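Not measured: the values here are computed from a predicted model. Here, residue 1 is the first one in the sequence, and each next residue gets the next number.
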Amino acid sequence: IAQINSIWETKDGKSFFRGPWLLTPSELPASVLANRLQYRQEVFLSTVQETTPTIGIIGKCCVLEVDEYVTRRATEIPEADVYLCESIYDEFNKIIKKMEPPIGLKKFTHSQDVTLDEIFYFRRPISIQKVSFLLAFLRRFKNYSESHQLTHFFIQILKKLLNLLKLLSKFRDFLCI
């Protein structure tokens, strides 16, 4: 997922866009998410910006900050393609930090061509909850599991792997992983 901050066409007819990437939890190191609670549709604003050919665009989605996510939706975007962003992932330091002004998603103002029915406002803000990365993974796994014993076995393995990841993350400067 990328935010398009600028878009242009070259003299030879090729078009490009520039903007920051937004990363899904599966694109982040597990050790970064291990002790963190996150929203179901959460993405993380990357500190990396790139110039990318527009031919790489495969669809559109909507990324909202928390106050927008709980109050409105663009009517032409399916709910599965609506994401929430409240944090930045710093690739250099391998840390997640909360977005604070002036850093955040670039805001665009709608022209007068946007009609009122293109944005749906909820009557009341919706309630959203955070879950742990590990718990979200386990719930998904449990839905596909046919046996609670097997699920319990994998939970024990995942807990051990999580502890190992935490330990390795403390020594990441000394390891070439």
Side-chain angles (χ1 to χ4, degrees), residues 1-10 13-30 32-91 94-145:
I1 299 173
Q3 182 176 31
I4 299 176
N5 289 346
S6 60
I7 190 166
W8 67 94
E9 189 172 323
T10 61
K14 295 179 182 167
S15 56
F16 297 87
F17 72 89
R18 181 161 180 78
W21 288 102
L22 291 122
L23 306 171
T24 62
S26 64
E27 296 171 303
L28 297 178
V32 171
L33 296 170
N35 293 323
R36 187 179 189 285
L37 296 177
Q38 65 189 44
Y39 294 109
R40 183 180 62 84
Q41 286 287 94
E42 189 169 2
V43 293
F44 303 89
L45 182 63
S46 171
T47 52
V48 172
Q49 287 201 35
E50 291 184 347
T51 298
T52 308
T54 57
I55 198 163
I57 298 173
I58 59 171
K60 64 181 177 177
C61 66
C62 183
V63 179
L64 303 168
E65 291 183 11
V66 175
D67 61 329
E68 299 165 322
Y69 187 87
V70 299
T71 59
R72 67 191 75 144
R73 293 291 188 275
T75 56
E76 77 277 6
I77 306 291
E79 188 65 19
D81 295 327
V82 178
Y83 298 91
L84 163 75
C85 183
E86 76 166 355
S87 302
I88 297 172
Y89 176 61
D90 180 343
E91 279 87 1
K94 305 276 189 254
I95 59 169
I96 294 174
K97 52 188 172 187
K98 200 163 187 125
M99 288 191 300
E100 294 181 20
I103 298 171
L105 297 173
K106 185 173 181 181
K107 301 292 184 191
F108 297 92
T109 55
H110 297 292
S111 73
Q112 292 181 350
D113 295 334
V114 174
T115 59
L116 291 177
D117 66 345
E118 293 182 61
I119 300 171
F120 177 80
Y121 290 90
F122 302 127
R123 291 178 201 241
R124 287 183 295 262
I126 62 170
S127 175
I128 55 176
Q129 294 179 338
K130 290 185 173 187
V131 296
S132 75
F133 171 73
L134 182 59
L135 183 60
F137 175 80
L138 292 175
R139 282 184 180 158
R140 272 187 235 133
F141 176 78
K142 190 172 183 178
N143 290 339
Y144 295 105
S145 174

Above 12 or not: heavy atoms from other molecules or residues under 6.0 Å from CD of Glu79?
yes
To the nearest 0.5 Å, tell me how far [X] [atom1] sits from [Y] [atom2].
X     : Y      : atom1 : atom2 : result
Tyr39 : Leu84  : OH    : CG    : 6.5 Å
Leu37 : Gln129 : CG    : CD    : 10.5 Å
Leu23 : Glu42  : CG    : CD    : 11.5 Å
Glu9  : Lys14  : CD    : NZ    : 11.5 Å
Asp90 : Leu45  : CG    : CG    : 11.0 Å

Is [Y] close to [X] at the side-chain level, that is, under 4.5 Å between some pair of heavy atoms?
X     : Y     : result
Phe44 : Pro25 : yes
Tyr89 : Leu33 : no
Glu76 : Lys60 : yes
Gln38 : Leu28 : no

For the residue pair [X] and [Y], what are the closest heavy atoms and their distance?
X     : Y     : answer
Ile57 : Phe17 : CG1-CE2, 3.7 Å
Tyr83 : Cys61 : CE1-CB, 4.0 Å
Asn5  : Pro20 : ND2-CD, 3.3 Å
Cys85 : Met99 : O-CE, 3.3 Å
Ser87 : Arg36 : OG-NH2, 2.9 Å

Could you check whether any side-chain N or O of [X] sits under 3.5 Å from a backbone N or O of [Y], counting only pairs where one atom can act as donor and the other as acceptor?
X      : Y      : value
Gln3   : Leu105 : no
Glu118 : Ala74  : no
Glu91  : Thr47  : yes

Which residues pass the salt bridge (charged side-chain N to carboxylate O under 4.0 Å, His left out) test with Glu68, sequence neighbours left out?
Lys107
Cation-pi between Arg72 and Tyr69: NZ/CZ under 6.0 Å from ring centre and within 45° of the ring axis?
no
Considering residues at least two apart in sequence or located in another chain, which fulfil the side-chain hydrogen bond (donor to acceptor under 3.5 Å, both in side chains) criterion with Glu86?
Lys98, Lys130
Val43, Thr52, Ile1 screened by side chain to side chain contact (heavy atoms under 4.5 Å, CB included) with Trp21, the one that passes:
Thr52
